[in-house]
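Here is the structure we will look at, set down as structure tokens.
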Amino acid sequence: MSSKQTILSALSLSALDNHAMPEIDVVANNDDLVGQFNASLQSVAATLHTDGGLASLQQAVDDLIKQNMQVISLIEGIKGNRSVPTTAHLLADIDYAVIPGDLGVAENGAIWVNQPSHRVTPFICENLILALSKDNIVANMHQAVKQVSLQQGDLGLFISGPSKTADIEQALVVGAHGACSLNVYLY
């Protein structure tokens, strides 16, 4: 018997029996979900905008365009000054990407994004803007994972704040390898 077969045989003999996953029953704190969500977003260097809804978001986009920023919007009814390109390579100079969020998590400020177009969009833009319905905020991740789903080949992810790293001399750097800011507009 070869060394490889000896190792594989030994591993198969030491395998553990299958056990059912434990039931986790976490009591959700449903008091003031928007307030909890705001506090969590602040703790991850993001900003929540609660007044004005989508009209306020369009005004912010219009102001960015007046400043000669390149803005792409994937939200119906919000108009940027750049259309969705045919290839992701044409997103390299996008200053702001406006993307719909599907579900917000109050306990940690994470927002589920089911990205239907170019997968790189939330990562390649300089700044990210997410729009989220006030009715789509849940208390914790236990509730969130029960509500999200993906079809095979789709991309979905939780985004929590702008990109951050603290591995260089233990100093927090925001925007080191992705979006430098995250603004969330509730509607």
Side-chain angles (χ1 to χ4, degrees), residues 30-139 144 147-148 154-164 172-187:
N30 290 310
D31 298 334
D32 187 22
L33 290 177
V34 173
Q36 290 180 57
F37 189 57
N38 185 32
S40 294
L41 284 172
Q42 287 177 1
S43 73
V44 295
T47 303
L48 181 66
H49 303 270
T50 58
D51 297 330
L54 293 177
S56 177
L57 173 54
Q58 183 62 64
Q59 181 60 51
V61 168
D62 292 343
D63 291 344
L64 293 169
I65 292 170
K66 287 177 187 172
Q67 298 171 36
N68 295 318
M69 297 292 174
Q70 299 298 306
V71 182
I72 187 171
S73 176
L74 302 179
I75 298 177
E76 190 173 326
I78 302 297
K79 183 155 176 49
N81 58 352
R82 291 280 296 273
S83 59
V84 178
T86 54
T87 68
H89 296 285
L90 298 174
L91 291 168
D93 64 340
I94 296 296
D95 295 307
Y96 285 84
V98 183
I99 299 175
D102 296 313
L103 185 68
V105 184
E107 75 175 350
N108 61 8
I111 300 166
W112 176 257
V113 175
N114 192 359
Q115 185 67 31
S117 63
H118 302 299
R119 294 173 179 227
V120 72
T121 305
F123 312 109
I124 200 168
C125 62
E126 285 294 315
N127 302 281
L128 183 59
I129 298 173
L130 298 177
L132 177 68
S133 169
K134 290 179 183 178
D135 297 331
N136 290 344
I137 299 175
V138 296
Q147 293 188 30
V148 299
D154 285 350
L155 170 70
L157 63 146
F158 284 102
I159 295 176
S160 181
S163 89
K164 296 174 277 310
L172 180 63
V173 177
V174 176
H177 46 72
C180 294
S181 70
L182 172 63
N183 283 278
V184 179
Y185 283 79
L186 289 184
Y187 60 92

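Given the structure is predicted, the values throughout are model-derived calculations rather than measurements. Along the sequence shown, residues carry numbers from 1.
Between S73 and V61, every side-chain heavy-atom pair lies at or beyond the 4.5 Å cut-off. At a threshold of 4.5 Å between non-hydrogen side-chain atoms, the residues P162 and L128 do not count as touching. Side-chain contact between I75 and Y185: absent, with no pair of heavy atoms (C-beta onward) separated by less than 4.5 Å. Residues V184 and I111 form a side-chain contact, since some pair of their non-hydrogen atoms from C-beta on lies under 4.5 Å apart.
Here the side chain of E126 pairs no donor or acceptor atom with the backbone of C180 at under 3.5 angstrom.
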Side chain to side chain donor-acceptor pair (under 3.5 Å) between Q36 and D32, intermediate numbers included: CA-CA 6 Å; Q36 290 180 57; D32 187 22; over 6 Å; no

Verdict with supporting geometry, V44 and L182, side-chain contact (heavy atoms from CB on, under 4.5 Å): CA-CA 9 Å; V44 295; L182 172 63; over 6 Å; no

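Not counting sequence neighbours, F37 has no partner by the ring pair (Phe, Tyr, Trp, His ring centres under 6.0 Å) test. Take K134 and apply the side chain to side chain contact (heavy atoms under 4.5 Å, CB included) test, not counting sequence neighbours, and it matches L186.
When every heavy atom of A46 is checked against every heavy atom of G161, the shortest pair comes out as CB-CA, 4.1 Å. Nearest heavy-atom pair, A144 versus F158, reported as atom, atom and distance to 0.1 Å: CB-CZ, 4.1 Å. Nearest heavy atoms, G109 versus S40: N-CB, 3.3 Å.
More than 12 heavy atoms of other residues, nucleotides or ligands sit less than 6.0 Å from atom CG of D93.
Note that CG of L130 is 11.0 Å distant from NE2 of H49, once rounded to the nearest 0.5 Å. The distance from the CD1 atom of I78 to the CD1 atom of I72 is 14.0 Å, given to the nearest 0.5 Å. Expressed to the nearest 0.5 Å, how far CG of L132 lies from CH2 of W112 amounts to 14.0 Å. Between atom OG1 of residue T50 and atom OH of residue Y187 there is a gap of 15.0 Å, rounded to the nearest 0.5 Å. Distance CG/L91 to CZ/R82: 7.5 Å, rounded to 0.5 Å.
Checking Q67 against D63 by side-chain atom types alone, no donor-acceptor pair falls below 3.5 Å.
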Side-chain donor-acceptor pairs of residues 94-107 under 3.5 Å, sequence neighbours excluded:
| from | atom 1 | to | atom 2 | distance (Å) |
| --- | --- | --- | --- | --- |
| D95 | OD2 | Q70 | N | 2.8 |
| D102 | OD2 | N114 | N | 3.1 |
| E107 | OE2 | M141 | N | 2.9 |

